[in-house]
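Throughout, residue positions are numbered sequentially from 1 according to the sequence presented.
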Amino acid sequence: MANTKTEKPVTEKIENVEERVPIYIERAKPNEDPNFYVSINFKTFLLPRGKTSMVPRYVYDEIMRSRSAENKYEETVDNLKAMSKVQ
């Protein structure tokens with residue numbers, strides 16, 4: 001008995017697997033490295049500071065998450081300093 005079932009080839013396209021988005025990395029301070037180092041899941045990216053680079057969406061998302069966390073940290077430090085001066 002032969003198998004008469006025919007399988008259709010997968011023709012779906014996976015779109016935007018490596019969608020790239022622009023991101024601007026601020027200029028380096030005098031004593032900083034002129035490149036911005038990012039490593040995600042053992043993939044490394046070296047982005048030039050002071051320029052806009054095209055990066056995969058997941059790199060952009062991680063940099064933005066990091067920036068948000070840094071801003072929240074600085075805000076917390078400022079609030080704690082202000083609270084210590086009040087007392």
Side-chain angles (χ1 to χ4, degrees):
M1 181 177 231
N3 185 359
T4 59
K5 183 178 176 183
T6 59
E7 295 184 24
K8 294 181 181 179
V10 177
T11 57
E12 294 178 20
K13 258 188 174 178
I14 299 175
E15 295 183 22
N16 297 328
V17 171
E18 283 284 323
E19 173 191 10
R20 296 202 172 252
V21 294
I23 188 164
Y24 177 78
I25 304 298
E26 295 80 15
R27 286 190 174 277
K29 294 176 184 162
N31 294 333
E32 283 185 323
D33 189 347
N35 295 306
F36 184 74
Y37 177 82
V38 180
S39 180
I40 302 171
N41 294 335
F42 304 106
K43 280 190 169 183
T44 58
F45 300 86
L46 201 57
L47 307 174
R49 291 183 178 269
K51 295 183 181 180
T52 299
S53 299
M54 297 299 287
V55 297
R57 168 64 72 177
Y58 66 91
V59 173
Y60 173 85
D61 291 342
E62 186 59 25
I63 292 171
M64 297 310 289
R65 184 206 60 78
S66 176
R67 286 179 178 176
S68 175
E70 187 175 339
N71 289 338
K72 287 179 183 177
Y73 167 77
E74 290 172 0
E75 184 179 313
T76 300
V77 169
D78 291 343
N79 288 339
L80 290 172
K81 285 180 181 178
M83 286 174 47
S84 70
K85 290 180 183 178
V86 170
Q87 296 176 354

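Remark: the backbone N or O of Glu62 is not paired with any side-chain donor or acceptor of Ser66 at under 3.5 angstrom.
Minimum interatomic distance between Arg67 and Tyr24 (heavy atoms only, all atoms of both residues): NH2-O, 2.7 Å.
Note that CG of Leu46 and OG of Ser39 are 11.0 Å apart. Values are rounded to the nearest 0.5 Å. A distance of 15.5 Å separates CZ of Arg20 from OH of Tyr60, quoted to the nearest 0.5 Å. With values rounded to the nearest 0.5 angstrom, Ile25 atom CD1 is found 6.5 Å from Ser53 atom OG. In this structure, CZ on Arg65 lies 11.0 Å from CD on Glu70, to the nearest 0.5 angstrom. Arg49 CZ to Glu32 CD: the interatomic distance, rounded to the nearest 0.5 Å, is 4.5 Å. Atom-to-atom distance recorded for Asn79:CG and Glu74:CD is 12.0 Å, nearest 0.5 angstrom.
Contact check for Pro48 versus Pro34: no side-chain heavy atoms found under the 4.5 Å cut-off. Leu47 has its side chain within reach of Val55: a pair of non-hydrogen atoms, C-beta onward, lies under 4.5 Å apart. Looking at heavy atoms from C-beta onward, Met64 lies out of side-chain contact with Ser68 at the 4.5 angstrom threshold. Contact annotation: the side chain of Thr44 never approaches that of Val38 to less than 4.5 Å [non-hydrogen atoms, C-beta and beyond].
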- Item | Test log, rule side chain to side chain contact (heavy atoms under 4.5 Å, CB included), inputs Ile23 and Thr52 | CA-CA 5 Å; Ile23 188 164; Thr52 299; over 6 Å; no

- Task: With side chain to side chain contact (heavy atoms under 4.5 Å, CB included) as the test, would you mind laying out the steps for Lys43 and Tyr58 before giving the verdict?
- Result: CA-CA 11 Å; Lys43 280 190 169 183; Tyr58 66 91; 3.3 Å; yes

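Ile40 and Phe36 fall within a single hydrophobic cluster, where Ile, Leu, Val, Met, Phe, Trp and Tyr are joined by side-chain heavy atoms under 4.5 Å apart, directly or via other members.
Not counting sequence neighbours, the partners of Asp61 by the side chain to side chain contact (heavy atoms under 4.5 Å, CB included) test are Arg57.
In Phe45, the CZ atom is crowded: over 12 heavy atoms of neighbouring residues, nucleotides or ligands sit closer than 6.0 Å.
The hydrophobic cluster containing Tyr73 also includes Val77, under a criterion of side-chain heavy atoms closer than 4.5 Å among ILVMFWY residues, counted directly or through chains of members.
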